[in-house]
Amino acid sequence: MEGEKNNTMSEINKLISERKQKLEELRKMGVDVYPRNFATTHAISQIREKYGTLKAEEKTGETVSLAGRIMSLRGMGKASFAHIKDQTGKVQIYIREDVLGAGNYGIFKRFDVGDFIGVMGKVFSTKTGELSIQVEKLTLLAKSLRPLPEKWHGLKDIETRYRQRYIDLLVNEQVKNVFSTRSLIIQAVRKFLDNLGFLEVETPMMQSIVGGAIAKPFLTHHQALDMELYLRISPELFLKRLVVGGLEKVYEVNKSFRNEGVSTRHNPEFTMLEVYQAYSDYKGMMDLCQKVILFIAKEVLHKEELVYQKNKINLGKTPWQKFSLYELLKEHTKIDFTNIHGLAEIRKVADRLDVKYKKDSPKHKILDHIFEAYVQKKLIQPTFVLDYPTEFSPLAKAKKDNPELVERFELFIGGEELANAYSELNDPVEQRRRMEKQVEDRDIGEGREAEVDEDYLRALEYGLPPCGGLGVGVDRLVMVFTDSKSIRDVILFPHMRKEAE
RNA sequence: GAGCCGGUAGCUCAGCUAGGUAGAGCAGCGGCCUUUUAAGCCGUUGGUCGCGUGUUCGAUUCACGCCCGGCUCACCA
């Protein structure tokens, strides 16, 4: 029964069954089709560095061994060329029957594009000047059963690229660059903060109370404890608890999860950097924010200019420009919002500006919609936006001279919101008042009610020193640094619905 | 969640306007070929045309529903 089933499966696709047949033939010829290991002397890039200057038809006496995946095959009877690829690059190999012997050449004839092989041979340059390996010994390292996408057009189908990222990485060279850049950016962040004495920490992703942002959470369940938990929407409240505990400079780079719609700039799980520094404030965070991004530019791009979606962005012109929210709104809508107070009034303005809002949207939300529609996309050069309304920022400290505004900024680059920071509210009485108010009209979905985080308030009662906090959307930062239009292009395995059977 | 666009061979794409049992290139397979590189030349296999229902003598093509994806919008960062 099992055998029959497998047999039908293998006949689904002729190309796969042909490869399986070659695999069986190789086994019969005594070849281990999935051997244990292979010792190499060089990565392909090292061969290129060492011998890149060979002249056409020049031969070296040096024998090298390397391993990689066959990416192309060109057979010409008793000789063949192929390209093999490892993580560092590609190199051509040249295989001759008279060197290998008829038996081994017969084994090679059963290799396919996609197979992993080990190669031992001498480095030389062909008459067209291509660096190549004259193969003396070939070892199959793993047989591939599925055909790779075609060499010329490659893999274009977006759905397949995201679902089968392993193939995308293999055949679309730029994709690997995006993700190595992502890795370099995160490394640079750590290097920068570690050097300043920040401590990297990890706080719970499974939380029993939702806090630190206003998004809807994912709900999950702990079986043994029979307890409901949320996946965190932000690490903020835990990081500030650590500052209460005397960890004066902490940061975390990790995932948060928000149960909202997906789009080119939203993935349900995304990576945030959050930084907290005792005795600092939003101005200190502004300085830190600018410095860390410039450090990334230096480490990753080795320059201070970049291009994002055809816009030239100059990070080097410091300090980055600062505008108040109301200044920018006035400039782009010709309306002075400092004089607009009531909900009815701001609705009228939104209607006039043709900005849509929901019936139950509060005033600050409508203001934000207007900002997004009229201002945000124009903030191409690095711009700090200041002076957000207090009702919009429940965890931020109010300005000394104006309790309606908070000490907060958001950073925009290339029209994307990249960072958000404020002077942390550390007055436990005021924080309780704001949290209680927020909890009232908050919908967290799944029929659950929002709760005040009593332990967080207790921590504040013990005393949180003056503190600056900064959050950076790492995925969006990577988008800007790699000129990627969609967040899915900077996340290895972006969220997808389940594939149809 | 709404609107628009898309899903045809392993990959990249035609065909659908005007219904008549599906085509190319590459890959594969067989043959020739010992410096090719989108190798070449000759021959050739390969498709539940995303899934389902309806209309029709007949549906890849028309209609409706569903699934998956993209873009825009909404929610959000």
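Distance NZ (K156(A)) to C1' (C13(B)): 9 Å, rounded to an integer number of Å. For the pair R497(A) CZ and G1(B) P, the interatomic distance rounds to 6 Å; values are reported in whole Å. At whole-Å resolution of the value, NZ in K498(A) and P in G69(B) are 13 Å apart. Rounding to whole angstrom units, CD of residue E274(A) and P of A77(B) are separated by 12 Å. As a whole-Å value, the separation of I413(A) CD1 from A77(B) P is 19 Å. D157(A) has its CG atom 15 Å from the P atom of G6(B), to the nearest Å. The distance between atom NZ of K365(A) and atom C1' of A74(B), rounded to the nearest whole Å, is 12 Å.
In this structure, R163(A) reaches the G69(B) phosphate: one of its side-chain N or O atoms is under 4.0 Å from OP1 or OP2. Dashed line: the shortest gap from a side-chain N or O of R258(A) to OP1 or OP2 of C75(B) is not under 4.0 Å. A sub-4.0 Å separation between OP1 or OP2 of G70(B) and a side-chain N or O of R488(A) is present. For the pair T264(A) and U72(B), the criterion of a side-chain N or O lying under 4.0 Å from OP1 or OP2 is met.
S183(A) pairs by the side-chain hydrogen bond (donor to acceptor under 3.5 Å, both in side chains) definition with nothing, not counting sequence neighbours. Shown here are the ring pair (Phe, Tyr, Trp, His ring centres under 6.0 Å) partners of Y105(A), two or more places apart in sequence or in another chain: F108(A). Residues satisfying the side-chain hydrogen bond (donor to acceptor under 3.5 Å, both in side chains) criterion with R476(A), sequence neighbours excluded, are absent altogether. Residues meeting the salt bridge (charged side-chain N to carboxylate O under 4.0 Å, His left out) test with D453(A), sequence neighbours left out: R241(A). For H364(A), the side-chain hydrogen bond (donor to acceptor under 3.5 Å, both in side chains) test picks out no residue, with sequence neighbours left out. By the ring pair (Phe, Tyr, Trp, His ring centres under 6.0 Å) test, Y374(A) pairs with no residue at all, sequence neighbours left out.
Nucleic acid contact for D98(A): base, since at least one base atom lies under 4.0 Å from a heavy atom of the residue. At a threshold of 4.0 angstrom between heavy atoms, the contacts of V262(A) include nucleobase atoms, whether or not backbone atoms are also involved. Within the 4.0 angstrom heavy-atom criterion, no nucleotide atom of any strand lies near M272(A). Nucleic acid contact class of E130(A) (heavy atoms, under 4.0 Å, all strands): base. No contact: E57(A) has no heavy atom under 4.0 Å from any strand.
Using a 4.0 Å cut-off between charged nitrogen and carboxylate oxygen, E410(A) and R408(A) count as a salt-bridge pair.
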Please write out the pairs of protein N or O atoms and N or O atoms of nucleotides 27-33 of chain B separated by less than 3.5 Å, giving the distance to one decimal.
from   : atom 1 : to      : atom 2 : distance (Å)
A27(B) : OP1    : K151(A) : NZ     : 3.3
G28(B) : O2'    : E18(A)  : OE1    : 2.0
G28(B) : O2'    : E18(A)  : OE2    : 3.4
C29(B) : OP1    : K22(A)  : NZ     : 2.4
C33(B) : N3     : G77(A)  : N      : 3.1
C33(B) : N4     : G77(A)  : N      : 3.2

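Of the residues in residues 43-55 of chain A, none lies under 4.0 Å from RNA chain B by heavy-atom distance.
Annotation: U21(B) and C26(B) have their C1' atoms spaced 27 Å apart (nearest Å).
A side-chain donor-acceptor contact under 3.5 Å links R232(A) to the backbone of T203(A).
Note on residues 148-177 of chain A: no pairs pass ring-ring contact (aromatic ring centres under 6.0 Å, His included), not counting sequence neighbours.
Stacking of R448(A) on the aromatic ring of Y230(A) is not recorded, the 6.0 Å distance cut-off and the 45° axial limit not both being met.
Nearer the 5' end of RNA chain B, as judged by each residue's closest nucleotide, is the contact made by H495(A), out of I214(A) and H495(A).
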